*Asks:* 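Pasting a structure here, questions to come.
Since the model is a prediction, treat every value here as computed from it, not as a measurement.
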Amino acid sequence: VGSEMCIRDRSETSEKQLGNGRIFTFGTVSIWYNPERSFRRLARILNNRSVITEQVFRKESRNTALSDDLIQPFSTKTRRYIDMLSTHKTITLALMCALASTTVLTGCKDGAQQGQAAQRQMPPTEVTYVTAKTTDQTLQTTLTGRTSAYYEAEVRPQVNGVLVKKLFKDGSEVKAGQQLYQIDDAPYVAALKSAEASLAQANANLVKARADAKRSSELVKINAVSKQSDDAAQAALKSAVANQKAAEAAVATAKVNMQYTKVLSPISGRISRSEFTEGALMAAYQATPLTRVQQLDPIYVDVTQKADDLMRIRRDIASGVLKSGDNQSARVQLVFDDGSVYPHEGELTFTDVTVNESTGMVNVRAVFPNPDKVLLPGLYVRANLVEGVRPDSIVIPMQCVMRDAKGNASVWVIDAENKIATRKITASRSIGTSWLVESGLKAGDRVVFEGFQRTRAGATVSPKEADASKMLDKTGKSLY
C-alpha cells in the first residue's frame, strides 16, 4: 500500500530496520513501513474503505496500544501480532488494516499450491460396500381396509307389545336360539284360547254336517228327499270342513305369536348393547333393531386394490415372472396401526368382478381366524397380500440408492481396479428397507453403502465389505 512493500520471507516473527523504515515479519508475510512517506497516502486509502475519520486515525496512531473494540474483528492469532506491533508508536491503525489485507492476499497462492500437493499425497478414501446377489424374493402388496363380521344379525320384535324383560348382558356371547327379550304375552295367551275355542266349535259343526250329508245321500236314492236338499247337505259338509281348517290355522297363528313374545337370538356370536329397556313399546318389524349379534370367529377383512395392480399380478404369474405356489389362495398378513403383526395368517377368498368407475379400485375380501376375539368389526388394518415369489431377484439397501431431480435412480459401483463410478439402475419397488433392482446391476457387483460422499467418480478407493450383522434397522431387521 503506497510506499509499503510486501516481502516474502520464511523467518519467524521479528522487527528490523530497513532503509528509512522498519520491516515487520509475521510468519510468511513481511511489511515494510516508512511513517514519514506513508501517513497521508494510507489515510486516503482508508477513507475510501472505512468509516474511520482522520481524527480517529491520528488519535489511535499516538496510542501505545490499540483498544479491544478496534481489533475485535480480527482472529486471535492476528490480534497477537497487532498487540506486538502496536507497542511501536510509528505503527498506526492504517498499518493494522493493511496487515490483515496483505496477509490474505499473499497467502492465497501458497495455500492453493500446498492444497494441491496435499491432495496428491492423500491416501484412497475408505468406502463400505455390499455385494449384489440373487435370491428368491416373496413379493407383497400392502392394502388398507377394515374388518367386518363373518355373520351379523339385527334382532327385531315380530309382534306388538310391551317389553317386560331383558335376558342377556350387553357384550356377552350368546347362542343361536337363546332368549334375549320377553314381550308381554297376556294378549296372545287370550288370542290362543279364543282360537282353540273356535276350532272346537268348527269340529262340532263338522260332525253334524258330515252326518246330515250321509243321511241325505241315502234318502235321495229312494227319492225320500229332493235332489236340491241333498245338494244343500253336501255343501254344508264342505263348508264345515273349511271352517275347521280355518280354525286350526287360527290356533297355529296364535301359537306362533305366543312364541314371538320370546325374542330369540338368530345366530351364535357376541351381542351388542340393547337399544331398548323394559317398559318400551315394541312394534312388529320396526325399523330400529333391539340389538345386534355378530359372529367374530372367523372374521372378514375387506380391502381395495387397484385394478391395474391386479391385472399386472395376473400377467406376471401367467408369464412366469412370479410363481404363485401350489396353493392358489393367496396368503394374507395383517398389520395393525402401531406396526404390530396379527399372529394368525388369513386367506384370500373373494375378488370382486366389478371395478369401481370413480376410483378404479376392486374390492378384495380375506378371511382370518379370530379365536381370541382380538379383531373387532370396523377396525382399520393394513393387509399384506402375498403376490408370489420372484426368482433370481437383486435387492440392495435403500441407503445405496441416489435419485436425481427427475427421480432417476443410480448407485456408486466399485470396479475391479477399485475405482468408483456411478451407474443408473431401475428400482421402482421397495421390499422392507431395500430396493428391488429390476435392471442395471448383476450378481457380484460391489455397490457402495457408505463413504461415497467423500469421493468422486473415477477416484481410487479403499473398499471394505459391510458387516451384515451390523446392518440392522430400529426393529432389528436386516437392511440387506
*Asks:* How many angstroms lie between atom CD1 of Ile425 and atom CG of Leu441, to the nearest 0.5 angstrom?
*Replies:* 5.5 Å
*Asks:* Looking only at the side chains, is there a donor atom on one of Thr349 and Glu347 sitting less than 3.5 Å from an acceptor on the other?
*Replies:* no
*Asks:* Scan residues 404-427 for pairs that pass salt bridge (charged side-chain N to carboxylate O under 4.0 Å, His left out), counting only residues two or more places apart or in two chains.
*Replies:* Arg423-Asp445
*Asks:* What is the minimum heavy-atom distance between Val155 and Leu264, and which atoms define it?
*Replies:* CG1-O, 4.5 Å
*Asks:* Is the cationic atom of Arg446 (NZ for Lys, CZ for Arg) positioned less than 6.0 Å from the six-membered ring centroid of Tyr129 and within 45 degrees of its normal?
*Replies:* yes
*Asks:* State, without any angle test, whether Thr426 and Ser439 hold a side-chain donor-acceptor pair at a distance under 3.5 Å.
*Replies:* yes
*Asks:* Nearest 0.5 angstrom please: Phe368 CZ to Tyr342 OH, how far?
*Replies:* 8.0 Å
*Asks:* So how far is it from Leu436 CG to Ser430 OG, rounded to the nearest 0.5 Å?
*Replies:* 9.5 Å
*Asks:* Please report the closest heavy-atom contact between Leu348 and Val332, naming both atoms and the distance.
*Replies:* N-CG2, 3.9 Å
*Asks:* Measure across Leu281 and Gln286 and return the closest heavy-atom pair with its distance rounded to 0.1 Å.
*Replies:* O-OE1, 4.5 Å
*Asks:* Could you give the distance from CG (Leu167) to CD (Gln178), rounded to the nearest 0.5 Å?
*Replies:* 8.5 Å
*Asks:* Shortest non-hydrogen contact from Ser148 to Asp302?
*Replies:* OG-OD2, 3.0 Å
*Asks:* Determine whether the side chains of Ser410 and Thr422 contain a donor N or O and an acceptor N or O closer than 3.5 Å.
*Replies:* no
*Asks:* More than 12 heavy atoms of other residues, nucleotides or ligands under 6.0 Å from OH of Tyr151: is that the case?
*Replies:* no
*Asks:* Counting neighbours of NZ on Lys165 that are heavy atoms of other residues, nucleotides or ligands and sit closer than 6.0 Å, is the number greater than 12?
*Replies:* no
*Asks:* Does Arg146 use its side chain to pair, donor to acceptor, with the backbone of Gly378 at less than 3.5 Å?
*Replies:* yes
*Asks:* How many angstroms lie between CD in Glu465 and OG1 in Thr131, if you round to the nearest 0.5 Å?
*Replies:* 4.0 Å
*Asks:* Is the closest side-chain heavy-atom distance between Phe276 and Thr291 below 4.5 Å?
*Replies:* no
*Asks:* Run the side-chain contact (heavy atoms from CB on, under 4.5 Å) test against Glu154 and tell me which residues pass, sequence neighbours left out.
*Replies:* Arg156, Pro289, Arg292
*Asks:* Do you know the tightest heavy-atom contact between Ala176 and Ser268?
*Replies:* N-OG, 2.9 Å
*Asks:* Determine whether more than 12 heavy atoms belonging to other residues, nucleotides or ligands lie under 6.0 Å from atom CZ of Arg273.
*Replies:* no
*Asks:* Taking atom types as modelled, is there a side-chain donor on Tyr181 or Ser274 under 3.5 Å from an acceptor on the other?
*Replies:* yes
*Asks:* Just say parallel, tilted or perpendicular for the rings of Trp412 and Phe452, cut-offs at 30° and 60°.
*Replies:* parallel
*Asks:* What do you reckon, is NZ of Lys306 surrounded by more than 12 foreign heavy atoms closer than 6.0 Å?
*Replies:* no
*Asks:* Quick one: pull up CD in Gln234 and CZ in Arg210 and give me the separation to the nearest 0.5 Å.
*Replies:* 11.5 Å
*Asks:* With distance as the sole criterion, is a donor-acceptor pair present between the side chains of Asn418 and Thr460 under 3.5 Å?
*Replies:* no
*Asks:* Can you establish whether the number of heavy atoms outside Gln179 located under 6.0 Å from its atom CD is more than 12?
*Replies:* yes
*Asks:* Between Tyr300 and Tyr150, is the gap from one ring center to the other below 6.0 Å?
*Replies:* yes
*Asks:* Would you say the side chains of Thr142 and Asn384 form a donor-acceptor pair under 3.5 Å?
*Replies:* yes
